[in-house]
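Within every chain, numbering begins at 1; the chains are lettered A, B, ... in the order of the sequence lines, protein sequences first and strands thereafter.
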Amino acid sequence: MIKQSKNLYLHADGDSFFVACEISVHPELKGLPVIVGGDRGIAVAMSSEAKALGVTRGMPIFQIKKLFPQVVILSHHFDLYHDIQRRMHEILLKYFCTIEEYSIDECFALVEPSEVKYFGGEKKLLTALKKEIEETLHVTYSIGLAKTKALAKQASKLEKPNGLVMLLSKEDEVKALKATLIDNIWGIGRKTVPDLRRLGIKNAYDFVNYPEKEIEKKFSKPLLVLQKELGGEPILEVESNINPRDQKSIQSTSTFHPASTDPKIIWREISENAEHACRNVRKIKLVSNKVSFFVKTSEFKYYIDEVKLTEYTADPGVILDALEPKFLKLLRAKKRIRSTGVILHNLIREEEVPLDLFGRQKKKLSNLVVEEAADKIRKKYGEDIIKRASSLRKRETKNKK
DNA sequence: TCTGGGGTCCTAGGACCC
DNA sequence: TCTGGGGTCCTAGGACCC
């Protein structure tokens with residue numbers, strides 16, 4: 001890719017995105033303390049009113065109900081969020097050629113000089129963009145514009161919600177860097193913060209000005225990249241064409257309560273996870289030849305194992321047969337298990353499956369044909385209509401406390 | 001923060017080869 | 001051959017992200 005020195009980078013970050021999407025279709029909820037996450041047992045997104053009450057991300061629902069009974073608790077509606085994401089994408093493409101969907105509620109865009117010129121300046125461009133988003137989607141995004149991706153990402157955080165922060169001069173950058181604490185930097189997590197603090201680095205400005213050689217010596221490569229990016233040297237590119245079929249792994253995990261030591265119950269959860277993950281893999285026409293699975297104890301200890309399959313597949317039957325011999329070993333000493341997960345790795349497209357000696361794709365058929373037929377029925381009648389026998393919940397088990 | 005679900009990338013170290 | 005050096009590939013696990 002050619003790097004033009006005058007290119008800028010934009011980051012758009014949806015404000016309380018899931019909640020904002022819900023309010024866009026239920027305007028009567030506007031102004032109320034609203035959270036999304038009811039179906040997962042913790043608050044995943046909060047309206048500003050809910051935040052003001054003291055609800056934080058990850059707070060358990062039972063606790064919210066007890067402390068703040070006035071909070072409106074909603075479940076996820078991913079179809080709605082994806083729809084708004086798609087329309088946001090369309091709007092951005094009217095303004096920029098190169099955009100990247102970074103997550104469901106965040107995007108980057110490469111802002112080329114000609115695009116700025118067309119609107120008569122950065123400020124005019126972004127004001128027009130924000131106006132169109134709000135009027136069309138009825139949600140708001142906080143926007144950052146800067147010389148690099150990492151700077152744009154920090155900029156969008158500075159005036160949330162509904163912010164518009166442009167870091168176009170060195171002075172702007174310095175001010176923003178000084179205002180950004182070390183534990184609020186994209187790419188610096190819990191483990192690295194104490195190491196940096198020990199070196200006397202308190203904010204992004206200190207970080208950028210710390211000797212590069214020392215950072216290189218003491219930390220991993222991504223941190224060095226981050227230092228340069230925050231210093232104004234563009235290294236990270238906007239990666240367009242994010243295609244679900246380029247995904248490298250797909251997982252399905254689930255937590256259940258009460259935690260259990262019963263291998264039958266735990267295996268049933270794993271079985272459901274395997275089916276769910278396979279279904280999602282088939283939806284985008286991929287197959288896997290490496291599967292890992294884990295159990296997590298009530299003390300949050302992970303036990304994980306994996307199997308390499310002899311062929312590429314998206315058939316839960318094949319996968320469960322391969323996992324089963326390792327399952328009891330995984331459970332170890334009768335620990336209480338609170339959650340399980342199945343992860344399909346090495347995903348490739350169905351048509352990329354290596355051919356055998358006779359030039360045929362290895363027999364993917366038989367069972368997979370059955371699964372594909374079942375997928376069609378699910379599409380028509382809903383996800384839970386068909387399940388494998390090992391995933392079926394016995395009523396007695398479910399109704400017991 | 002008593003704690004959900006879904007991802008990516010990097011690195012150290014072992015296996016294997018010459 | 002009990003002994004050097006160097007390269008590649010793979011995997012487990014860590015760290016980070018939303």
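Following rounding to the nearest Å, A:Glu100 (CD) and C:dC17 (C1') show an atom-to-atom distance of 13 Å. In this structure, the CG atom of A:Asp195 is 9 Å from the P atom of C:dA15, given to the nearest Å. Here B:dG4 presents its P atom at 12 Å from CZ of A:Arg57, a figure rounded to the nearest Å. As a whole-Å value, the separation of A:Gln247 CD from C:dC18 C1' is 14 Å. For the pair A:His345 NE2 and B:dG6 P, the computed distance is 13 Å after rounding to whole Å. The CZ-P distance, from A:Phe78 to C:dC18, rounds to 16 Å in whole Å. Rounded to whole Å, atom P of B:dT8 lies 12 Å from atom CG of A:Asn346. The interatomic distance linking A:Leu224 (CG) with C:dC16 (P) rounds to 16 Å, in whole Å.
Checked against B:dG5, B:dT3, C:dA15, the side chain of A:Arg40 finds its nearest nucleotide in B:dG5. When distances run from any side-chain atom of A:Pro60 to the nucleotides B:dC2, B:dT11, C:dC18, the shortest one goes to B:dC2. For A:Pro222, taking side-chain heavy atoms from C-beta onward, the closest of the listed nucleotides B:dG6, C:dC18, B:dC10 is B:dC10. Of the candidates C:dA12, C:dC16, B:dC9, the closest approach to any side-chain atom of A:Lys248 belongs to B:dC9. Nearest to the side chain of A:Glu106, among C:dA15, C:dC18, B:dC10, sits C:dC18. When the nucleotides B:dG4, B:dG6, C:dC18 are ranked by their closest atom to the side chain of A:Ser252, B:dG6 comes out on top. Closest to the A:Ser249 side chain, of the nucleotides B:dG4, B:dT8, C:dG13, is B:dT8. Nearest to the side-chain atoms of A:Ser254 among the listed nucleotides B:dT3, B:dG5, C:dC18 stands B:dG5. Of the candidate nucleotides B:dT11, C:dA12, C:dC18, C:dC18 has the atom lying nearest to any side-chain atom of A:Trp186. Of the candidate nucleotides B:dC10, C:dA12, C:dA15, C:dA12 has the atom nearest to the side chain of A:Glu306.
Considering only side-chain N and O atoms, A:Thr253 lies under 4.0 angstrom from the phosphate OP1 or OP2 of B:dG6. An OP1 or OP2 oxygen of C:dC18 is reached within less than 4.0 angstrom by a side-chain nitrogen or oxygen of A:Lys153.
Ring stacking holds between A:Phe300 and B:dT3, with the centres under 5.5 Å apart and the planes within 30 degrees of each other.
Using modelled atom types, no side-chain atom of A:Lys124 and backbone atom of A:Tyr118 make a donor-acceptor pair closer than 3.5 Å. No donor-acceptor distance shorter than 3.5 angstrom exists from the side chain of A:Asp83 to the backbone of A:Asp79, with no hydrogens or angles considered. The main-chain N or O of A:Ile235 is found under 3.5 Å from a side-chain atom of A:Glu229 such that the two form a donor-acceptor pair.
Nearer the 5' end of DNA chain B, as judged by each residue's closest nucleotide, is the contact made by A:Thr56, out of A:Thr56 and A:Ile42. For the pair A:Gln251 and A:Ser220, nearest-nucleotide mapping onto DNA chain B gives the more 5' position to A:Gln251.
Residue contacts shown for A:Gly189 are limited to sugar-phosphate atoms, with no base heavy atom under 4.0 Å away. A:Ser339 comes within contact range of no nucleotide atom at all, as no heavy-atom separation falls under 4.0 Å. Residue contacts for A:Ile104: at a heavy-atom cut-off of 4.0 Å it reaches no nucleic acid atom on any strand shown. Contact annotation for A:Phe18: no contact, since no heavy-atom pair falls under 4.0 Å across all strands. Within 4.0 Å (heavy atoms only), A:Ile185 reaches sugar-phosphate atoms of the nucleic acid but no base atom. Heavy atoms of A:Ile250 sit under 4.0 angstrom from primed sugar atoms or phosphate atoms, though from no base atom. Across all strands, A:Gly41 comes closer than 4.0 Å to no nucleic acid atom at all (heavy-atom distances).
Using modelled atom types and a 3.5 Å distance limit, the side chains of A:Ser142 and A:Asp15 yield a donor-acceptor pair. In this structure, a donor-acceptor pair under 3.5 Å is absent between the side chains of A:Asn273 and A:Ser271. Using modelled atom types, one finds a donor on one side chain and an acceptor on the other under 3.5 Å when comparing A:Ser169 with A:Asp172.
With a 6.0 Å radius and a threshold of 12 heavy atoms from other residues, nucleotides or ligands, A:Arg86 has its CZ atom above the threshold.
B:dC18: Watson-Crick or G-U partner is C:dG5, with both key distances under 3.5 Å.
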